[in-house]
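Scope of the values below: all heavy atoms of this structure, side chains included, with no hydrogens, waters or symmetry mates.
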Amino acid sequence: DYREMAPAAASRNMFLDAEGDVDRVKARHSVHSSGVPGTVAGMIYALENYGTMSLKQVIKPAIELARKGFPVSRSLASSLVRYSDYLGSDPASSNYFYRADGEFYQAGEMLVQKDLAATLKRISKNGRDGFYTGKTADLLIAQMRRNAGIISYEDLLNYRVVERQPVCGDYRSNRVCAMPPPSSGGVHLIQMLNILEGWDLYALGHNSAAYLHRLVESMRRAYADRSLHLGDPDFYAVPAKQLMDKRYAAELREQIDLAEASRSKDIKPMPARLITESPETTHYATWDRWGNVVSNTYTINFSYGSGISVAGAGFLLNNEMDDFSSKPGSANGYGLIGGEANAIQPGKRPLSSMTPTIVFDPQGEPIVATGSPGGSTIITVVLQMLLNVIDFDMGIAEATAAPRIHHQWLPDTLRYERGISVDTLNILTEMGHSLGDKPVRLGVTQSIASDKNKIKYAASDPRREGAAAIPE
């Protein structure tokens with residue numbers, strides 16, 4: 001777990017204005033929105049404890065890409081135009097992501113990042129100290145002080161990586177293991193699988209109205225529980241066992257009317273006595289010849305994080321502090337509601353939806369590694385990937401390409417991708433579901449699967465340009 005941590009000077013009401021409302025600009029587009037970065041510490045920790053190569057070896061390709069540049073893709077060129085106001089308001093970001101003459105990069109032009117290359121070289125030479133102390137730390141703290149930010153040298157020195165036990169549950173004859181709190185992903189993935197296990201989903205037909213209705217109602221109840229019970233387990237006693245209990249799932253299943261949609265306002269989180277994130281998140285999966293499997297998800301939250309870069313260091317600041325509940329009961333940037341469990345506290349890690357997942361067969365052999373970006377949609381995207389493979393016997397490429405849906409309790413809206421039958425959507429509307437105005441893109445999975453002959457198949461989601469599946 002190398003999730004960001006709140007600085008020591010962070011406070012519960014730091015993003016509230018004089019009227020007690022959340023200041024969205026401060027929470028999402030200021031240096032105050034940045035948690036203490038954890039990615040460098042996390043990657044180095046993993047390498048030192050589980051890797052076989054040196055830091056200089058693994059970081060060399062990244063240094064070369066930054067120093068020599070890489071061709072701008074069509075999607076990146078379009079994205080930089082779309083976010084020009086966001087990035088252009090910060091001098092360093094404007095310098096890093098737009099041409100010296102102020103024009104936009106065109107597809108095929110080279111984007112060179114010399115300051116980032118220098119930062120990566122310092123990390124290559126000095127390890128963790130190359131980021132959390134020395135020149136890189138000086139540049140980061142200088143950026144904070146220019147804008148009255150609150151991350152300090154002590155915060156950088158005190159950042160820590162934590163190893164956590166994954167949460168695991170049984171679905172059909174398989175074992176599903178995923179990210180534990182402070183991610184909500186694993187707990188609610190298993191909770192939804194427990195609910196859905198009570199029905200013969202294959203008999204309902206893939207993406208039929210009857211099937212999707214059951215998905216939505218399961219999603220609705222899991223996200224209601226997320227709003228109240230999920231947070232950093234180092235600060236809050238997350239009732240993970242109760243939420244993943246099959247008896248609790250049976251209770252929720254009994255509440256579902258198979259002919260009519262629920263109203264989210266009528267769905268309440270599990271009582272406390274039984275004991276809440278961006279489409280530009282990154283996910284990758286790897287599987288080596290020796291059988292080591294990695295499913296990894298990490299993010300700086302929104303597209304381009306806070307939009308603010310560390311001048312001279314070449315990297316963007318995250319805006320992960322918005323993943324806390326700035327005001328209990330108030331929605332974050334993804335419309336997710338949070339409560340006391342996810343309130344801001346110094347040293348605390350914000351709640352996420354990251355759901356890196358590995359599935360094991362009855363013999364304990366890994367058969368699927370998957371995950372996705374997508375903010376609040378990550379959990380439901382991974383859910384549908386697993387159902388496609390396990391219940392509908394799809395190959396990993398077919399499971400990846402199949403159209404998806406998403407519901408997160410509040411707002412009470414069913415989002416769907418292009419490819420869901422119009423007839424199905426009409427039936428869901430007749431059942432009382434409130435559909436989004438138009439199709440959207442949901443997630444970008446990166447997955448590897450192994451068949452009964454231990455042949456590996458990989459699929460990079462076609463929903464995003466530039467991703468790839470590469471054999472060893």
Side-chain angles (χ1 to χ4, degrees), residues 2 4 34 37-47 51 53-81 83-84 86-88 90-143 156 280-284 286 296 298-319 373 464-468 470:
Y2 55 95
E4 294 75 16
S34 298
T39 299
V40 174
M43 296 290 184
I44 291 175
Y45 181 96
L47 179 65
M53 300 172 69
S54 70
L55 180 58
K56 288 185 178 180
Q57 286 176 302
V58 300
I59 207 168
K60 183 179 178 181
I63 294 173
E64 291 301 296
L65 279 172
R67 184 176 67 85
K68 295 180 179 178
F70 61 91
V72 173
S73 66
R74 290 172 300 174
S75 61
L76 177 56
S78 174
S79 175
L80 290 173
V81 172
Y83 286 92
S84 59
Y86 192 63
L87 293 168
D90 176 65
S93 292
S94 181
N95 178 51
Y96 289 141
F97 296 106
Y98 300 98
R99 293 188 344 195
D101 60 5
E103 294 298 314
F104 298 116
Y105 283 102
Q106 302 299 308
E109 288 190 86
M110 299 297 286
L111 177 60
V112 177
Q113 298 170 291
K114 291 183 179 179
D115 285 351
L116 178 59
T119 294
L120 292 172
K121 284 182 181 179
R122 289 191 289 272
I123 297 170
S124 176
K125 180 180 179 180
N126 300 310
R128 176 175 169 140
D129 287 345
F131 183 86
Y132 293 92
T133 65
K135 183 174 181 178
T136 307
D138 289 343
L139 292 168
L140 196 158
I141 298 303
Q143 186 73 38
L156 296 175
E280 301 309 318
T281 294
T282 297
H283 178 85
Y284 61 84
T286 64
N296 188 65
Y298 69 105
T299 184
I300 57 173
N301 203 27
F302 285 9
S303 305
Y304 308 105
S306 65
I308 299 170
S309 293
V310 176
F315 61 88
L316 286 153
L317 291 169
N318 68 78
N319 59 352
R464 176 180 289 177
E465 181 186 27
I470 305 172

### Message
Strictly distance-based, threshold 3.5 Å: is any side-chain N or O of Glu4 a donor or acceptor partner for the main-chain N or O of Pro37?
### Response
no

### Query
If you round to the nearest 0.5 Å, how far is OG of Ser34 from CG of Leu140?
8.0 Å

### Query
Is the side chain of Ser124 donor-acceptor paired with the backbone N or O of Leu120 at a distance under 3.5 Å, no angle test?
no

### Message
Within the 4.5 Å heavy-atom criterion, are Tyr105 and Met110 side-chain neighbours or not?
### Response
no

#### Entry: Test item: Thr119 side-chain N/O and Ala313 main-chain N/O as donor-acceptor pair under 3.5 Å
yes

### Message
Counting the benzene-type ring for Trp, do Phe131 and Phe315 have ring centres under 6.0 Å apart?
### Response
yes

### Task
Scan side-chain atoms only and decide if Tyr304 and Asn318 contain a donor-acceptor pair under the 3.5 Å cut-off.
no

### Query
Under 3.5 Å, is there a donor-acceptor pair between the Thr281 and Tyr298 side chains?
no

#### Entry: Thr136 side-chain N/O to Gly130 backbone N/O, donor-acceptor pair under 3.5 Å
yes

### Task
Answer yes or no: is there a donor N or O on one side and an acceptor on the other, between the side chain of Tyr96 and the main chain of Leu116, under 3.5 Å?
no

### Lys/Arg N to Asp/Glu carboxylate O, Lys68 vs Glu64, below 4.0 Å
yes

#### Entry: Audit row: Ser303, Tyr83, side-chain hydrogen bond (donor to acceptor under 3.5 Å, both in side chains) steps and yes/no
CA-CA 9 Å; Ser303 305; Tyr83 286 92; 3.1 Å; yes

### Query
Would a distance-only check, ignoring hydrogens and angles, find a side-chain to backbone donor-acceptor pair under 3.5 Å from Gln143 to Ala311?
yes

### Message
Could you tell me if Tyr86 and Ser93 have a donor-acceptor pair between their side chains, going purely by distance under 3.5 Å?
### Response
no

### Message
Between Asn319 and Ile300, does the side chain to side chain contact (heavy atoms under 4.5 Å, CB included) criterion hold? Intermediate values first, please.
### Response
CA-CA 6 Å; Asn319 59 352; Ile300 57 173; 5.9 Å; no

### Query
Do Phe104 and Tyr98 have their ring centres less than 6.0 Å from each other?
yes

#### Entry: For Asp90 against Ser309, the heavy-atom pair lying closest together
OD2-N, 3.1 Å

### Query
More than 12 foreign heavy atoms under 6.0 Å from CZ of Arg74: is that the case here?
no

### Message
Any heavy-atom pair between the side chains of Leu55 and Leu47 that's under 4.5 Å?
### Response
yes

